[in-house]
There are 2 protein chains.
Amino acid sequence: MRRGEITDNALNMSSCETCVVRNTAICSGLDAAELGLLNNIGRQRRLEAGESLVWEGEDSVLVANVIDGMLKLSAGTEDGREQIVGVVYPSEFIGRPFGRSTDYSVTALTEAEVCVFARADFDRFAAEHPALEHKLLERTLTELDRTRKWMLLLSRKNAQEKVATFLLEMSERLAPADCEAAAGVQWLKVFDLPFSRQQIGDVLGLTIETVSRQMMALSRAGVIALPSRRAVEIVDRAALEDMAS
Amino acid sequence: MRRGEITDNALNMSSCETCVVRNTAICSGLDAAELGLLNNIGRQRRLEAGESLVWEGEDSVLVANVIDGMLKLSAGTEDGREQIVGVVYPSEFIGRPFGRSTDYSVTALTEAEVCVFARADFDRFAAEHPALEHKLLERTLTELDRTRKWMLLLSRKNAQEKVATFLLEMSERLAPADCEAAAGVQWLKVFDLPFSRQQIGDVLGLTIETVSRQMMALSRAGVIALPSRRAVEIVDRAALEDMAS
DNA sequence: CGCTCTGTTGAGAAGACTCAATGCCTGTGG
DNA sequence: CCACAGGCATTGAGTCTTCTCAACAGAGCG
C-alpha cells in the first residue's frame with residue numbers, strides 16, 4: 001500500500017505536464033510553477049468500474065478531477081430508491097470544496113483515472129489562486145444549468161421522451177473531444193452505453209422494465225438498432241429528436 | 001426614463017451601505033471602497049408579483065442580487081409544460097455570469113426588490129475581485145447541491161411525499177433570518193404560501209388537481225390546517241416529516 | 001349582486017409500476 | 001470446445017397512481 005502510493009506520486013510528478021486533460025480541466029489557468037504546487041498536494045488514482053470514491057452522507061474529505069472514464073453521482077431515499085443526480089466526464093470536477101457534507105455518492109461507471117486532493121489542501125490552494133477558482137466557478141455554473149435542464153426531463157417528460165433524450169445526449173457526450181478537429185462530427189452514430197439498463201433507469205427516474213420496453217419500441221420502429229447489449233446505433237436521428245420533444 | 005434611472009442611482013448610492021442583505025449576499029466580502037465601485041455599476045429595481053426579469057432563451061444580459069421578495073426560475077417544453085427549476089430568496093444571486101445563454105425565465109412570485117447589474121459590467125468587476133467570486137462560487141455550489149436533492153424528489157417521490165416535503169421546506173425557508181437570534185425557532189407553524197396551487201404543481205412536477213387533493217388529504221388527516229387559500233398551519237409536524245419519507 | 005379567478009371534487013383513462021416468467025449473453029470449468 | 005451457472009435483459013399480465021376532462025364551489029372585486 002505504502003509502496004503503491006509512492007509509485008503513484010512518482011508517476012504523478014510527471015503527469016500534470018503530460019496530463020491529457022491539462023488544457024481543459026480547471027488546471028488550465030495555471031502556469032508551470034502553480035501546476036508544480038498543485039502536483040504536490042494531489043495524487044492520481046485508478047478506479048475499477050463500480051468502485052466508489054465518496055459515499056453519501058460521509059464527511060466530504062476529498063475532491064477530484066476526472067482524467068479518464070465516467071463516474072456517477074447518486075442519491076437515494078432511506079427505502080432504497082436511487083437516483084443518479086449527475087454524470088461526470090473527463091476533465092470535469094468532483095466534490096464540494098469549502099463545505100462539509102456530501103449528499104451523494106460518487107461511483108465509477110467505467111474504469112476511471114482521477115486526480116484526487118484532500119479537500120483541506122485543495123481549499124487552501126484555491127483560496128490563493130483566483131484563476132483556479134474562476135475556472136471552477138464557470139464549471140459549476142454550467143453544471144447547475146445542465147442539472148436544471150435535467151429537472152424538466154425528470155418531472156415533465158414521459159418514458160419515451162426520456163429515453164430518446166437520453167440516447168441523444170449520450171451520442172453527443174461520448175463523442176471524443178478531438179472531433180472538433182474533424183469538424184462536423186458532433187455526435188456518434190454508434191456507441192457503447194456506459195450504463196446498464198438499471199442505471200439508465202436511475203438516471204431517468206424509470207424502472208428497468210420501462211427502459212427496456214422503450215428501447216425495444218424504438219428499435220422495432222427502426223429509429224435505433226441494438227446490435228448488442230450495450231451498443232446503440234442511431235438509425236434515424238431526426239425521428240429520435242422528434243421523440244425527445 | 002432617464003430621470004427615473006438617475007433617481008434610482010441616487011437612491012442606490014446610499015443603499016449598499018444600508019442594504020438589508022449587505023452582510024449575507026455575495027457583497028459581504030467587500031470593503032467600503034469596493035462596495036462603492038459595485039454601487040456604480042448596479043441599480044436597484046422593484047418588481048411586481050408576476051413581473052419577469054429575464055425570459056427563457058433570451059440572451060443573458062443581466063445578473064442580479066435579491067434584496068427582498070421571492071422569484072422563480074422556470075423552464076418549459078415547446079408544448080407548454082412548465083417546470084419551476086429553482087426558487088430564489090433574499091440575499092441570493094440570479095443569473096449566469098461569464099456565459100451567453102439563459103435556459104430559464106426569472107419571474108417574481110411576490111413583490112420583490114432586486115439589485116441589477118449589466119452582465120458585462122459584473123463580469124469585469126468579478127474578475128478583479130476574487131473575494132466576490134469566491135462568495136459566488138460557494139453559493140453556486142450550495143445551489144447545485146440543493147438542486148440535485150430536488151431531482152431525487154421529482155423522480156422518485158410520490159405525490160404525498162412531494163407535497164409533504166414541499167410544505168416542510170416552505171416552513172423552514174420562510175422563517176425570518178433573525179430567528180437565529182430568537183434561537184430555537186427554525187421553522188414556522190403558520191405561514192402564507194407565496195405560490196398558487198398551479199405554481200406548487202410546477203415546482204413538484206404535479207398537476208394542480210393532484211396538489212389540491214393531497215393538501216386536502218393532509219388537512220382531513222389532521223396533519224395540517226388550511227385556514228385560508230394561501231395560508232398553511234402545520235398541526236402535526238412529526239407526522240408530516242414521516243410522510244415526506 | 002353577479003363576475004371572474006382560483007381551488008376543490010368526481011369519474012374515467014392512460015401511463016408506468018410491480019411481480020413473475022422466460023430468454024440470452026458471458027465467463028468459467030470440465 | 002462445450003456445458004452450465006449467474007447476471008442482465010426482455011416480455012407479459014394485472015394493479016395503482018396520477019393525469020385528463022368536466023363540473024362545481026367559494027373568495028375577492030367591481
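Chain naming here is simple, since letters A, B, ... match the order of the sequence lines and numbering starts at 1 in each.
When DNA chain D is scanned 5' to 3' for any atom under 4.0 Å from a heavy atom of chain A, the first and last hits are D:dG7 to D:dA13. Of all nucleotides in DNA chain C, those with any atom nearer than 4.0 Å to a heavy atom of chain A start and finish, going 5' to 3', at C:dA16 to C:dC24.
Of the residues in residues 151-163 of chain B, not one places a heavy atom less than 4.0 Å from an atom of DNA chain C. The stretch residues 206-216 of chain B touches DNA chain C through B:E209, B:S212, B:R213, B:M216, each having a heavy atom within less than 4.0 Å of the strand. DNA chain C lies under 4.0 Å from no heavy atom of any residue of residues 81-88 of chain B.
The main-chain N or O of B:E56 is never found under 3.5 Å from a side-chain atom of B:T102 such that the two would form a donor-acceptor pair. Judged by distance alone, with hydrogens and angles left aside, the side-chain atoms of B:R46 form no donor-acceptor pair with the main-chain N or O of B:V114 at under 3.5 Å.
Taking all atoms of both residues into account, the shortest heavy-atom contact from B:L71 to B:A108 is CG-CA, 3.9 Å. Minimum interatomic distance between B:T110 and B:G69 (heavy atoms only, all atoms of both residues): OG1-CA, 3.4 Å. Here the closest heavy-atom approach between residue B:V85 and residue B:A75 is recorded as CG1-CB, 4.2 Å. Closest non-hydrogen pair, A:L174 versus A:P194, comes out as CD1-CD, 4.1 Å.
Under the salt bridge (charged side-chain N to carboxylate O under 4.0 Å, His left out) criterion, B:E51 pairs with B:R45, not counting sequence neighbours. A:R230 pairs by the salt bridge (charged side-chain N to carboxylate O under 4.0 Å, His left out) definition with nothing, not counting sequence neighbours. Scanning for ring-ring contact (aromatic ring centres under 6.0 Å, His included) contacts around A:F191 gives an empty result, with sequence neighbours left out. With sequence neighbours excluded, no residue forms a salt bridge (charged side-chain N to carboxylate O under 4.0 Å, His left out) with B:E209.
If you check every strand for non-hydrogen atoms under 4.0 Å, B:S228 touches nothing.
Summary for the helix from C:dC1-D:dG30 to C:dG30-D:dC1: the axes at its two ends, each from 5 pairs, differ by 30° when rounded to the nearest 10 degrees.
Between B:R148 and A:T147 the shortest side-chain heavy-atom distance falls below 4.5 Å. Under the 4.5 Å side-chain criterion, counting only non-hydrogen atoms from C-beta, A:N65 is not in contact with A:E92. Taking 4.5 Å as the limit, some side-chain heavy atom of B:V63 sits within range of a side-chain heavy atom of B:F93.
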Practice task
Check the pair B:M243 / B:L218 against side chain to side chain contact (heavy atoms under 4.5 Å, CB included), numbers first and verdict last.
Solution key: CA-CA 10 Å; B:M243 291 171 144; B:L218 286 173; 3.3 Å; yes

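Between B:R229 and A:G205, the residue anchored nearer the 5' end of DNA chain C, judged by the nucleotide with its closest heavy atom, is B:R229.
The side-chain hydrogen bond (donor to acceptor under 3.5 Å, both in side chains) contacts involving residues 215-229 of chain A comprise nothing, where partners must be two or more places apart or lie in separate chains.
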With a cut-off of 3.5 Å and sequence neighbours excluded, list every side-chain donor-acceptor pair involving residues 154-170 of chain B.
from: B:S155; atom 1: OG; to: A:Q83; atom 2: OE1; distance (Å): 2.6
from: B:S155; atom 1: OG; to: B:M151; atom 2: O; distance (Å): 3.1
from: B:R156; atom 1: NE; to: A:E82; atom 2: O; distance (Å): 2.7
from: B:R156; atom 1: NH2; to: A:E82; atom 2: O; distance (Å): 3.3
from: B:R156; atom 1: NH2; to: A:G201; atom 2: O; distance (Å): 3.2
from: B:R156; atom 1: NH2; to: A:D202; atom 2: OD1; distance (Å): 3.2
from: B:K157; atom 1: NZ; to: B:T165; atom 2: OG1; distance (Å): 3.3
from: B:K157; atom 1: NZ; to: B:A244; atom 2: O; distance (Å): 3.1
from: B:N158; atom 1: OD1; to: B:Q160; atom 2: N; distance (Å): 3.2
from: B:N158; atom 1: OD1; to: B:E161; atom 2: N; distance (Å): 2.9
from: B:E161; atom 1: OE1; to: A:R81; atom 2: NH1; distance (Å): 3.1
from: B:E161; atom 1: OE1; to: B:N158; atom 2: N; distance (Å): 3.0
from: B:E161; atom 1: OE2; to: A:R81; atom 2: NH2; distance (Å): 3.0
from: B:E161; atom 1: OE2; to: B:S245; atom 2: OG; distance (Å): 3.4
from: B:K162; atom 1: NZ; to: B:L154; atom 2: O; distance (Å): 3.4
from: B:K162; atom 1: NZ; to: B:L204; atom 2: O; distance (Å): 3.0
from: B:T165; atom 1: OG1; to: B:E161; atom 2: O; distance (Å): 2.6

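No hydrogens or angles considered: a donor-acceptor pair under 3.5 Å links the side chains of B:T107 and B:S52.
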